[in-house]
K.L.:
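One structure, pasted below without further comment.
Both counts, for ligands and for their atoms, begin at 1 and track the order of listing. Source: prediction; values computed, not measured.
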Amino acid sequence: MVVATHRNAKLIIDRNALYKNILSEKQHLNKDDALFMVVKANGYGHGAIEVAKTAVKAGANGFCVAMLDEALELRHAGFKQPILILGISRVEDVQLIAKENISVTVSSLEWLKDAQNLLRSTDNTLKVHLGLDTGMGRIGFQNPDDLKAAIDYINNCKNLFFEGVFTHFATADEKDKTYFNFQLKKFKEFMTVVKVKPRYVHVSNSATSLWHSECNGNMVRYGVAGYGLNPSGGAVKLPYELYPALSLTSEIVNCKLVKSGNSIGYGATYTTNDNEWIGTVPVGYADGVIRKMQGFNLLVNGYKCPIVGRVCMDQLMIKLPTQMKTGTKVTIVGKSGDHKTTLQDIATYCDTIHYEVACLFTNRLKRVYIN
Ligand SMILES: *Cc1c(COP(=O)(O)O)cnc(C)c1O
């Protein structure tokens with residue numbers, strides 16, 4: 001998908017906001033704890049490379065990504081820091097992964113055996129983080145015996161190196177701590193078989209670090225909070241202030257008075273019941289402004305202007321309070337006058353989470369970095 005550089009619509013990413021959030025987290029940690037900035041999914045839609053650059057300036061010690069290609073993007077951009085792939089990698093890629101000094105998450109002994117077989121004839125060492133399934137039910141070893149077998153195997157293989165052990169909490173962003181404590185107890189049971197601790201023991205995503213800092217281990221996988229978003233969506237209060245880094249603006253490209261009784265958009269789902277000023281904005285669901293946003297208020301000169309009719313692929317229509325010049329700025333996410341729209345506002349409206357809203361923005365939207 002091409003980046004639309006000739007259209008007035010852009011995601012504006014405030015580096016200073018990212019910087020402040022990451023710095024606050026560094027100050028929230030113990031002095032020797034490592035912060036790995038999570039930049040998967042193109043840095044939660046913010047742009048992985050630019051986020052990574054700012055993260056390093058703010059003191060990040062490494063990165064987490066979801067998959068190999070995201071790790072390679074960082075290496076190709078020149079980042080030398082540790083990178084951990086959080087998902088399961090294809091075993092046939094181990095030579096490349098090891099050569100690029102990327103760390104992998106491993107969930108089974110079979111994978112380790114296959115990896116060792118592929119690496120045996122080389123001088124490469126693969127850095128391994130063993131994932132533990134303490135109740136997330138996604139990936140990870142299921143019990144301490146299997147974990148112990150994996151550690152013993154790694155310690156007998158010249159091409160494998162036990163660099164880390166970790167788990168992931170399913171409910172760290174909730175007020176009720178019952179399930180969190182259940183997972184923590186299981187984690188501690190697992191850890192009884194880890195006789196020699198690896199370099200990194202880590203359990204914390206943003207929510208765990210913010211609200212359960214007593215069990216941070218010695219590294220955090222800092223994601224959504226770095227982008228300035230409260231992992232709980234606002235349900236739980238933050239220990240330090242976060243600054244949202246992303247705004248999305250466009251402009252009115254067409255403005256007209258529509259007589260009462262005329263319909264707007266596909267399906268003719270909206271009909272004016274007065275003479276109404278209707279503005280057209282050149283963004284649509286192909287940019288990640290999804291059809292579910294029909295009815296959501298965009299901001300124009302500090303006015304709330306609802307999306308009327310269905311969101312099209314590349315355009316949408318809003319109801320304006322008065323005539324507006326073409327070229328008037330439209331704020332989809334961010335501040336305008338006394339109002340502001342957050343990713344959480346969109347998430348609430350669309351019945352999802354801000355993480356998903358940020359990831360929806362496609363590459364057709366140009367990303368502009370400020371500060
Ligand atoms: C995505 C992810 C994180 C980061 O989570 P946030 O809630 O964004 O901080 C941490 N750990 C794992 C395993 C993840 O998949």
Side-chain angles (χ1 to χ4, degrees), residues 17-18 21-22 24-26 28-29 33-46 48 51-52 55 58 60-68 70-71 74 82-89 102-107 128-141 163-174 180 183-184 187 190 200-213 215-236 238-240 242 244-246 343-344 347 352-360:
L18 298 166
N21 299 329
I22 299 165
S24 295
E25 174 65 8
K26 276 296 271 191
H28 175 77
L29 296 176
D33 291 349
L35 185 156
F36 279 30
M37 185 68 197
V38 184
V39 295
K40 61 194 182 190
N42 197 26
Y44 294 44
H46 293 61
V51 172
N61 308 93
F63 303 104
C64 294
V65 295
M67 50 196 76
L68 175 57
E70 295 173 342
L74 293 172
I83 303 174
L84 171 62
I85 299 176
L86 296 168
I88 303 292
S89 298
I102 293 164
S103 307
V104 288
T105 293
V106 173
S107 189
V128 172
H129 289 230
L130 297 175
L132 310 178
D133 183 6
T134 56
M136 175 71 183
R138 189 165 64 179
I139 55 174
F141 289 88
E163 187 186 52
V165 62
F166 76 99
T167 195
H168 191 53
F169 290 103
T171 63
D173 58 347
E174 292 178 12
F180 184 93
Q183 280 195 260
L184 186 60
F187 179 71
F190 270 106
Y200 299 109
V201 177
H202 49 110
V203 302
S204 297
N205 58 357
S206 299
T208 307
S209 182
L210 292 170
W211 296 305
H212 307 270
S213 52
C215 47
N216 267 344
N218 59 16
M219 182 267 255
V220 298
R221 308 182 301 266
Y222 192 59
V224 84
Y227 301 93
L229 302 168
N230 179 331
S232 73
V236 191
L238 294 165
Y240 56 81
L242 290 174
L246 180 147
L343 289 178
Q344 181 57 41
T352 180
I353 56 175
H354 51 53
Y355 291 77
E356 190 179 25
V357 178
C359 289
L360 286 172

K.L.:
Output the list of atoms in ligand 1 that are nearer than 4.0 Å to some heavy atom of R138, sorted by atom number.
P.N.:
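Those of ligand 1 that fall under 4.0 Å from R138 are 13 (C), 15 (O).
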K.L.:
Just heavy atoms, cut-off under 4.0 Å: does S206 contact ligand 1 by side chain, backbone, both, or neither?
P.N.:
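Near ligand 1, S206 shows its backbone as well as its side chain.
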K.L.:
So F36 and Y200, would you call those rings parallel, tilted or perpendicular, with 30° and 60° as cut-offs?
P.N.:
perpendicular
K.L.:
Tell me, please, which residues at least two apart from Y222 pass ring-ring contact (aromatic ring centres under 6.0 Å, His included).
P.N.:
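Partners of Y222 by the ring-ring contact (aromatic ring centres under 6.0 Å, His included) criterion come out as none, since no residue qualifies.
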K.L.:
For G223, is at least one N or O under 3.5 Å away from an N or O on ligand 1?
P.N.:
yes
K.L.:
Between V224 and ligand 1, which residue portion shows a heavy-atom distance shorter than 4.0 Å: side chain, backbone, both, or neither?
P.N.:
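Looking at V224 and ligand 1, atoms from backbone and side chain both fall under 4.0 Å.
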K.L.:
What is the closest protein heavy atom to atom 11 (N) of ligand 1, and at what distance does it sit?
P.N.:
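Here the nearest protein heavy atom works out to R221 NE, 2.7 Å.
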K.L.:
My understanding is that only residues two or more places apart in sequence, or in another chain, count here; which of them pass side chain to side chain contact (heavy atoms under 4.5 Å, CB included) with N205?
P.N.:
H168, A172, A207, T208
K.L.:
Are any of the N or O atoms of K40 closer than 3.5 Å to those of ligand 1?
P.N.:
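Between K40 and ligand 1 (N or O atoms, distance only) the closest approach is under 3.5 Å.
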K.L.:
Measuring from the heavy atoms of M136, does anything fall under 4.0 Å of ligand 1?
P.N.:
no
K.L.:
List the closest protein heavy-atom neighbour of atom 12 (C) of ligand 1: residue, atom name, distance to the nearest 0.1 Å.
P.N.:
H168 CE1, 3.4 Å
K.L.:
Tell me yes or no: between the side chains of N61 and K26, is some donor less than 3.5 Å from an acceptor?
P.N.:
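Distance-only check passes for N61 and K26.
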